[in-house]
Amino acid sequence: PEPRQTLAPDARSIVQAHYRGWRSAASRWLATCPTAERTFYAVTFEPRDGRALAAVVCIAEGDVASTVDVEGEVSNGTSYWYGDDDYFEHEPEIMAMMATAQGLELYVRYPTMEGTHYAIWREVHNRWAIIQDDYDYWYDEGD
């Protein structure tokens with residue numbers, strides 16, 4: 001397997017400047033599209049004010065171009081989501097990218113607790129809209 005890549009110090013500064021007040025805790029490179037000059041990372045942040053945050057961040061031309069934010073809460077040291085300690089077990093895997101007339105699309109898959117999502121995300125301004133999200137359960141409830 002390829003060695004895991006994380007945010008370089010300059011990219012980390014760009015991300016933390018975008019998410020004012022949030023400090024990145026961990027990151028993983030997801031994909032790079034050289035023709036669109038974009039690089040994608042999964043990033044988790046240190047919990048803050050009872051909140052937790054993880055994101056898929058697209059960096060282009062030295063700035064954060066677009067994001068998918070996953071928010072949760074932390075109460076009495078317990079997280080009520082999958083976005084901090086174990087976010088990387090559920091991080092999206094970018095399977096393909098396509099430039100369309102409606103904008104850049106990502107074809108992603110990501111596991112949840114019971115199965116796998118297969119989704120299409122479309123970049124709309126500085127966010128990613130879910131265009132389609134299908135789900136494949138790993139088990140049959142009748143078993």
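Just so it is clear, the model here is predicted, and its values are computed rather than measured. Numbering of residues begins at 1 and proceeds along the displayed sequence.
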Item to check | V68-Y110 co-clustered via ILVMFWY side chain contacts under 4.5 Å | outcome: yes
Checklist entry - Same cluster or not: are I130 and L30 linked, directly or through other Ile, Leu, Val, Met, Phe, Trp or Tyr residues, by side-chain heavy atoms under 4.5 angstrom apart? => result yes
Within the structure provided, determine whether [X] and [Y] are in side-chain contact (heavy-atom separation under 4.5 Å).
{"X": "V64", "Y": "I14", "result": "yes"}
{"X": "Y41", "Y": "E91", "result": "no"}
{"X": "R28", "Y": "V43", "result": "no"}

Which atom pair, heavy atoms only, marks the closest approach of [X] to [Y]?
{"X": "I94", "Y": "A31", "answer": "CD1-CB, 4.0 Å"}
{"X": "D69", "Y": "L53", "answer": "CB-CD1, 4.1 Å"}
{"X": "A55", "Y": "F45", "answer": "CB-CE1, 4.3 Å"}
{"X": "P92", "Y": "W121", "answer": "CG-CH2, 3.6 Å"}
{"X": "A11", "Y": "I59", "answer": "CB-CD1, 3.8 Å"}
{"X": "A99", "Y": "L104", "answer": "N-CD1, 4.3 Å"}

Item to check | Which residues share a side chain to side chain donor-acceptor pair (under 3.5 Å) with S13, sequence neighbours left out | outcome: none
Checklist outcome for this item: By side chain to side chain donor-acceptor pair (under 3.5 Å), W128 pairs with (sequence neighbours left out) S66
Checklist entry - Would V108 and Y118 satisfy side-chain contact (heavy atoms from CB on, under 4.5 Å), going step by step from the backbone distance to the final call? => result CA-CA 6 Å; V108 300; Y118 298 91; over 6 Å; no
Checklist entry - For residues 40-65, which residue pairs qualify under salt bridge (Lys or Arg N to Asp or Glu O under 4.0 Å), counting only residues two or more places apart or in two chains? => result R23-E46
Item to check | Pair listing, salt bridge (Lys or Arg N to Asp or Glu O under 4.0 Å) test, anchored in residues 96-125, at least two apart | outcome: R38-E123, E93-R109, E105-R122
Checklist entry - Is there a donor-acceptor pair closer than 3.5 Å between any side-chain N or O of T6 and the backbone N or O of S27? => result no
Checklist entry - Is it true that a side-chain atom of T100 and a backbone atom of Q102 form a donor plus acceptor pair closer than 3.5 Å? => result yes
Checklist entry - Would you say the side chains of Y135 and T112 form a donor-acceptor pair under 3.5 Å? => result yes
Checklist outcome for this item: Rounding to 0.5 Å, atoms OG1 (T39) and CH2 (W29) come to a distance of 8.5 Å
Checklist entry - Can you tell me how far the OG atom of S24 sits from the OH atom of Y19, to the nearest 0.5 Å? => result 11.5 Å
Next on the checklist: Can you list everything that forms a salt bridge (Lys or Arg N to Asp or Glu O under 4.0 Å) with D133? Sequence neighbours excluded, please.
Outcome noted: none
Item to check | Fellow cluster residues of I131, listed by chain then number, with links counted only when side-chain atoms sit under 4.5 Å apart | outcome: M98, Y107, I120
